[in-house]
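Letters A, B, ... are given to chains in the order of the sequence lines, protein chains preceding strands, and every chain is numbered from 1.
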Protein chains: 2
Amino acid sequence: MSLAHPYLLFLGDAPDALAAKVAQGVRDWRPEASVGQFRMPGCNADMRLPDMTIAEAAAAGAKTLVIGVANRGGVISDAWQSVLIEAMEAGMDIAAGLHTLLRDQPALVEAAARTGCRLHDVRLPARKYPIGDGKRRNGKRLLAVGTDCSCGKMYTALAMEKSMQARGMSADFRATGQTGILITGDGVPLDAVVADFMAGAVEVLTPDNDPDHWDLIEGQGSLFHPSYSGVTMALIHGGQADALVLCHEPTRTHMRGLPHYPSPALDDLGPLVLPLARIVNPDVRIIGCSINTAALPEPEALAYLEETERRLGLPCVDPFRQGADRLVEAL
Amino acid sequence: MSLAHPYLLFLGDAPDALAAKVAQGVRDWRPEASVGQFRMPGCNADMRLPDMTIAEAAAAGAKTLVIGVANRGGVISDAWQSVLIEAMEAGMDIAAGLHTLLRDQPALVEAAARTGCRLHDVRLPARKYPIGDGKRRNGKRLLAVGTDCSCGKMYTALAMEKSMQARGMSADFRATGQTGILITGDGVPLDAVVADFMAGAVEVLTPDNDPDHWDLIEGQGSLFHPSYSGVTMALIHGGQADALVLCHEPTRTHMRGLPHYPSPALDDLGPLVLPLARIVNPDVRIIGCSINTAALPEPEALAYLEETERRLGLPCVDPFRQGADRLVEAL
């Protein structure tokens with residue numbers, strides 16, 4: 001799967017900024033990727049991009065309309081469908097990470113067949129993957145691992161990519177989830193890959209590369225999360241990381257979605273992940289911690305970072321508050 | 001998926017016993033499950049069951065024809081197809097774990113539709129599974145984990161089931177691979193489940209049960225095997241084991257299919273798996289080792305078992321040579 005740039009960001013009738021957070025991710029991390037935004041009546045989100053009609057976007061060169069808003073109730077409304085069909089008639093592909101699949105909408109399928117445009121459901125793998133073989137690859141790889149789901153792994157890898165590219169380093173964020181794929185236009189929706197091929201999919205995503213090139217791999221799940229630890233394990237072995245960043249959200253009390261599982265301590269993550277990561281790369285090392293301190297006031301956040309850094313002897317940063325430079329320097 | 005008993009074991013034109021090893025597994029572990037065998041000209045395998053025509057098998061009550069032989073070159077021959085269609089016309093379902101799917105054979109699909117019989121491709125999941133939740137379940141569970149693929153995990157769990165049932169204990173083998181599913185008539189083909197649902201599939205396979213009941217879960221892959229470790233991880237968390245048996249083949253020099261990965265020592269398996277298994281069950285313990293010594297002469301095998309038992313302080317048996325009684329006693 002590879003989405004054609006540039007994008008037109010479809011915000012639909014997003015009632016607030018949160019509903020359009022996929023669009024916000026694309027806007028924040030790939031500001032050059034979008035030529036404009038398309039908003040419908042009632043839309044209260046704004047990416048600070050030119051508002052465009054479909055015709056204007058097509059004239060501006062938009063190649064793919066990206067649905068950057070969550071749909072309500074799993075239904076793609078008639079109003080949305082008319083816009084998407086108009087976009088295809090103007091030559092744009094459609095991409096979405098919705099639970100409701102584009103390919104399950106007969107009117108969209110018909111329009112795609114008629115116009116030759118593509119429907120990208122990035123929630124589903126777009127190809128078959130091989131079984132992983134664990135062979136040593138050239139180039140360098142970094143993997144973000146976490147004490148839990150949704151604790152900042154994607155953000156960390158994207159922030160490191162930004163910092164590395166600003167220094168002229170050769171680095172690519174490698175997306176393994178829906179939002180990451182829509183941001184970069186490419187990747188593997190790992191949680192939807194068939195079990196036997198998970199590690200192979202990660203190997204395909206992070207192939208042989210130049211010796212000084214870094215793949216910055218978006219993590220998924222957590223070894224501590226009983227629902228998704230298998231996906232995390234496949235990332236650790238398929239990713240063959242040279243460097244690991246430990247991600248943590250310090251105010252969480254239980255595992256995401258599992259109130260009966262208390263959150264682990266950050267200190268327990270390294271000893272759990274390292275022996276597993278060494279199986280495919282004996283030289284792997286933990287280079288630092290990325291702490292999501294959004295729920296803490298600034299002084300507490302900084303005190304937590306300082307204390308954790310002293311205790312673990314590793315650079316500890318909140319990439320949102322402080323940027324990811326110190327993690328990059330630790331490479 | 002649940003296969004109707006009793007079976008007619010289809011041996012086709014198996015050139016030797018090895019080609020019919022799935023049938024041999026069913027015969028060895030579920031001797032009561034089959035009413036007869038069906039052999040074609042050129043078949044050199046023999047399950048020491050009555051040879052039956054399709055009509056005779058139907059009269060004897062056979063409910064499912066199980067393809068117990070590997071097909072050559074991934075093709076289901078015309079000669080096979082005629083037999084399978086005749087079996088459906090006599091009221092039997094067809095079950096197979098072949099790479100070539102029954103459902104991809106138009107003549108079989110047509111016959112199934114016409115007769116109302118079912119085609120069971122046990123290589124594919126027969127249902128949707130939920131996302132795992134790791135909630136504590138009643139009953140006891142044992143999981144076989146290994147230093148590698150194909151080192152005796154299925155055999156160990158089946159041998160323990162046999163020993164436990166002979167003692168009047170309440171125990172069920174839980175199949176997670178194709179051969180195991182054909183043996184028991186039920187199970188989850190875990191390597192074909194979509195990543196997000198692996199742990200949930202294992203939870204469905206090993207649900208709440210009586211306090212003194214044991215599920216004996218067939219392991220898959222190995223934490224040391226970069227191709228399949230994600231599947232193993234999902235079994236460890238989905239299985240919520242109370243007891244682990246460590247499985248090992250001591251003469252192997254490299255990981256199965258990966259000559260560039262040397263085999264790990266048995267001693268390294270426990271320390272790797274225990275911290276992960278404790279996440280879902282803090283009371284889990286390793287109760288013993290199951291060693292596949294088929295490649296060693298008897299004196300060397302016994303010496304290895306004795307030396308390993310002394311070194312690890314755990315019962316170490318080869319269930320094929322010695323039975324699994326000592327592992328059961330360790331429960």
Side-chain angles (χ1 to χ4, degrees), chain A residues 123-125 129-136 176-177 188-203 220-240 255 257-262 264 268 271-281, chain B residues 123-125 129-136 176-177 188-203 220-240 255 257-262 264 268 271-281:
Chain A
R123 222 164 247 284
L124 299 181
Y129 296 104
I131 288 176
D133 64 18
K135 283 197 185 135
R136 189 76 197 133
T176 61
V188 169
L190 194 58
D191 59 11
V193 171
V194 166
D196 245 4
F197 306 102
M198 296 185 295
V202 181
E203 292 181 357
Q220 293 293 335
S222 167
L223 287 176
F224 288 104
H225 201 296
S227 311
Y228 308 115
S229 53
V231 179
T232 310
M233 185 69 248
L235 268 165
I236 292 169
H237 279 174
Q240 204 178 85
M255 298 302 288
L258 304 179
H260 43 299
Y261 278 88
D268 293 334
L272 197 67
V273 70
L274 259 190
L276 294 163
R278 283 188 181 128
I279 290 169
V280 292
N281 187 348
Chain B
R123 221 164 249 284
L124 298 183
Y129 297 104
I131 287 175
D133 64 19
K135 281 196 186 135
R136 189 76 195 134
T176 60
V188 170
L190 193 58
D191 59 11
V193 171
V194 166
D196 245 3
F197 307 102
M198 295 185 296
V202 180
E203 292 180 359
Q220 293 294 335
S222 168
L223 288 176
F224 288 104
H225 200 297
S227 311
Y228 308 115
S229 53
V231 179
T232 311
M233 184 70 247
L235 268 164
I236 292 169
H237 279 175
Q240 204 177 86
M255 299 301 287
L258 304 179
H260 44 298
Y261 278 88
D268 294 336
L272 196 66
V273 71
L274 259 189
L276 294 164
R278 282 188 182 129
I279 290 169
V280 292
N281 187 348

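To the nearest 0.5 Å, the span separating CE on B:Met198 from CE on A:Met233 amounts to 11.0 Å.
Note on B:Leu235, B:Asp268, B:Leu190, B:Val193: by heavy-atom pairs under 4.5 Å with chain A, the leading option is B:Val193. Among the candidates A:Gly257, A:Ala192, A:Pro130, A:Gly200, the residue making the largest number of heavy-atom pairs closer than 4.5 Å to chain B is A:Ala192. With chain A as the partner, the residue from B:Ala199, B:Gly221, B:Ala234, B:Ser229 showing the most heavy-atom pairs under 4.5 Å is B:Ser229. Counting heavy-atom pairs closer than 4.5 Å to chain B, the top-ranked of the candidates A:Val194, A:Leu223, A:Val231 is A:Val194.
A:Val280 touches chain B through backbone and side chain together, each having a heavy atom under 4.5 Å away. Proximity to chain B is limited to the side chain of A:Tyr261, based on heavy atoms less than 4.5 angstrom apart. Looking at A:Leu258, only its side chain comes within 4.5 Å of chain B, counting heavy atoms on both sides. A:Ile236 does not touch chain B: none of its heavy atoms, backbone or side chain, sits under 4.5 Å away. Of the atoms belonging to A:Ile131, it is side-chain heavy atoms, and not backbone ones, that fall under 4.5 Å from chain B.
Nearest approach of A:Gly134 to B:Pro226, heavy atoms of both residues: CA-CB, 4.2 Å. Nearest heavy atoms, B:Ala195 versus A:Asp191: CB-O, 3.6 Å.
A search for side-chain contact (heavy atoms from CB on, under 4.5 Å) contacts involving A:Glu203 returns A:Asp133, A:Arg137, not counting sequence neighbours. Every residue meeting the ring pair (Phe, Tyr, Trp, His ring centres under 6.0 Å) condition with A:His225, not counting sequence neighbours, appears here in chain and number order: A:Tyr228. For the side chain to side chain donor-acceptor pair (under 3.5 Å) test, no residue two or more places apart in sequence or in another chain qualifies with A:Thr232.
Listed by sequence position, B:Leu272, B:Pro275, B:Leu276 are the residues of residues 271-278 of chain B in contact with chain A, using a 4.5 angstrom heavy-atom cutoff.
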